[in-house]
There are 2 protein chains.
Amino acid sequence: MDATPRLSEQACFAMYAASRAVIGLYRPMLDRLGLTYPQFLVLMLLWETDGRTVSDIGNELQLDSGTVSPLLKRLEAAGFVERRRESDDERRVTVHLTDSGAALETRGCEITQVVGTASGMSYDELIALRDRLNEFTASVGDRESASENNTSE
Amino acid sequence: MDATPRLSEQACFAMYAASRAVIGLYRPMLDRLGLTYPQFLVLMLLWETDGRTVSDIGNELQLDSGTVSPLLKRLEAAGFVERRRESDDERRVTVHLTDSGAALETRGCEITQVVGTASGMSYDELIALRDRLNEFTASVGDRESASENNTSE
DNA sequence: ATTAATTAAGTTGTGCGCAACTTAGTTGCG
DNA sequence: CGCAACTAAGTTGCGCACAACTTAATTAAT
């Protein structure tokens, strides 16, 4: 029972594999828009609320500035967003959709629909799976912040 | 109903976030063994069956040679595995645990136990979640191989 | 007002992950 | 045999992820 667990039995590996599989499904569709999956996630956030700060985007995606900053740089180079230094707090940079970035919204929504269909699950099943994963992430997140320092060697 | 979906409502994002969260939980523990999560996965495969080929490992992890080859190179440099050209088919390279690599098995198993506990889910819940994710991955995998060429533009 | 602590964003370095390509060994078919 | 098709592994290039660090602006605390 407590022998070496098989890789195929691991829920963690299943998450890792599922995550890459779904990104792989998005890839050919996003390629045609000139986007990667993380870039697409940023645009989804901005379609919902434009003008977010870099750190807000990082919090939503659970990514740090070392990932988000260069990603936004590429999104700006591609012409989908603009970055503006805020005058009331010069440390802050807000990110704004360009016309070109805003115009992708319709196509982007279609893509999420297609992916949902390809999952082979019903709407309710997807919701249930999502909620389970979010519980898992929350629980794991607590553990991480709890054991900042004390991984007793 | 068909408005722009919120990021927080997306099952795909939940997978992406959960995958990174669990790898983040593994990280400090694996760090102490001098391993990354993908490297740990390779060792799990070899603990189960030693002497696998590079392509077998790639198939199991669903990773291509562009990812696996340099990963194995680093595992070899770290002294956990050895690679051997097979004499019956000179194209094949088999990967073998060193004593040092084999010795990590006990510690490795402990780590998976700890992560299971940190998930905040029961054994049965984890099994159910894993099965759901594997269904999802399988279904998405079919879609990908099906639409190799015909993403009608 | 001065300065220490904090915060926001960005940079650097390493290791994936994957597409596209290369190299070399094997097989198939005339 | 000769050679095209295939296969296994590896290389290159780019975009994440993340740790560790830097820079610059703000706040707090005297």
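Since we're looking at a predicted model, the values are computed, not measured. Convention: sequence-line order gives letters A, B, ...; per-chain numbering from 1.
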- Query: Within this structure, what is the CZ-to-C1' distance between A:Arg92 and D:dT23, rounded to whole angstrom?
  - Reply: 17 Å
- Does OP1 or OP2 of D:dC16 have a side-chain N or O of A:Thr36 closer than 4.0 Å? yes
- Query: Rounded to whole angstrom units, what separation is found between the CG atom of A:Leu61 and the C1' atom of D:dA17?
  - Reply: 12 Å
- Taking D:dA9, D:dC18, C:dA9 as options, the one with an atom nearest any side-chain atom of A:Ser55 is C:dA9
- Could you check how far NZ of A:Lys73 sits from C1' of D:dC16, rounded to whole Å? 15 Å
- Separation of atom CD in B:Gln39 from atom C1' in C:dG15, rounded to whole Å: 8 Å
- Task: Describe the nucleic acid contact of A:Ser69 in one word from base, sugar-phosphate, nothing, applying a heavy-atom distance below 4.0 Å.
- Result: base
- Measure from CG on B:Leu71 to P on C:dG17 and round the result to the nearest Å. 8 Å
- Task: Would you indicate, yes or no, if C:dT14 has its OP1 or OP2 atom less than 4.0 angstrom from a side-chain nitrogen or oxygen of B:Arg74?
- Result: no
- For nucleotides 19-26 of chain C, just jot down a letter per nucleotide in 5' to 3' order: B, S or -, based on protein non-hydrogen atoms under 4.0 Å. B-----BS
- Query: Separation of B:Ile57 atom CD1 from C:dC16 atom C1', in whole Å?
  - Reply: 16 Å
Which donor-acceptor pairs under 3.5 Å do side chains of residues 66-74 of chain A form with protein atoms, sequence neighbours excluded?
residue, atom, partner, partner atom, Å
A:Thr67, OG1, A:Asp64, OD1, 3.4
A:Ser69, OG, A:Ser65, O, 3.2

- Task: Cation-pi check, A:Arg132 to A:Phe136: give yes when NZ or CZ is under 6.0 Å from the six-membered ring centre and within 45° of the ring axis, no otherwise.
- Result: no
- Task: Grab the two heavy atoms, one from A:Ser139 and one from B:Ala118, that are nearest each other, plus how far apart they are.
- Result: OG-O, 3.0 Å
- Message: Below the 4.0 Å mark, does D:dA17 have OP1 or OP2 next to a side-chain nitrogen or oxygen of B:Tyr16?
- Response: yes
- Message: Output the rounded distance in Å from CG (B:Leu75) to C1' (C:dG15).
- Response: 12 Å
- Should B:Thr53 and B:Val93 be marked as a side chain to side chain contact (heavy atoms under 4.5 Å, CB included) after you check the CA-CA gap, both sets of side-chain angles, and the distance that decides it? CA-CA 6 Å; B:Thr53 61; B:Val93 170; over 6 Å; no
- Query: Contact class for B:Ile23 vs. all strands (heavy atom < 4.0 Å): base, sugar-phosphate, or nothing?
  - Reply: nothing
- Does any nucleotide pair with C:dG30 by Watson-Crick or G-U wobble geometry, both distances under 3.5 Å, and what is it? D:dC1
- Between atom CG in B:Asn59 and atom P in D:dT7, what is the gap in whole Å? 13 Å
- Would you call B:Glu86 and B:Arg91 a salt bridge, taking side-chain N to carboxylate O under 4.0 Å as the test? no
- Message: What I want to check is whether the side chains of B:Thr98 and B:Glu82 have a donor and an acceptor closer together than 3.5 Å.
- Response: no
- Closest heavy-atom pair, B:Leu104 versus B:Trp47, reported as atoms and distance to 0.1 Å, is C-CZ2, 3.6 Å
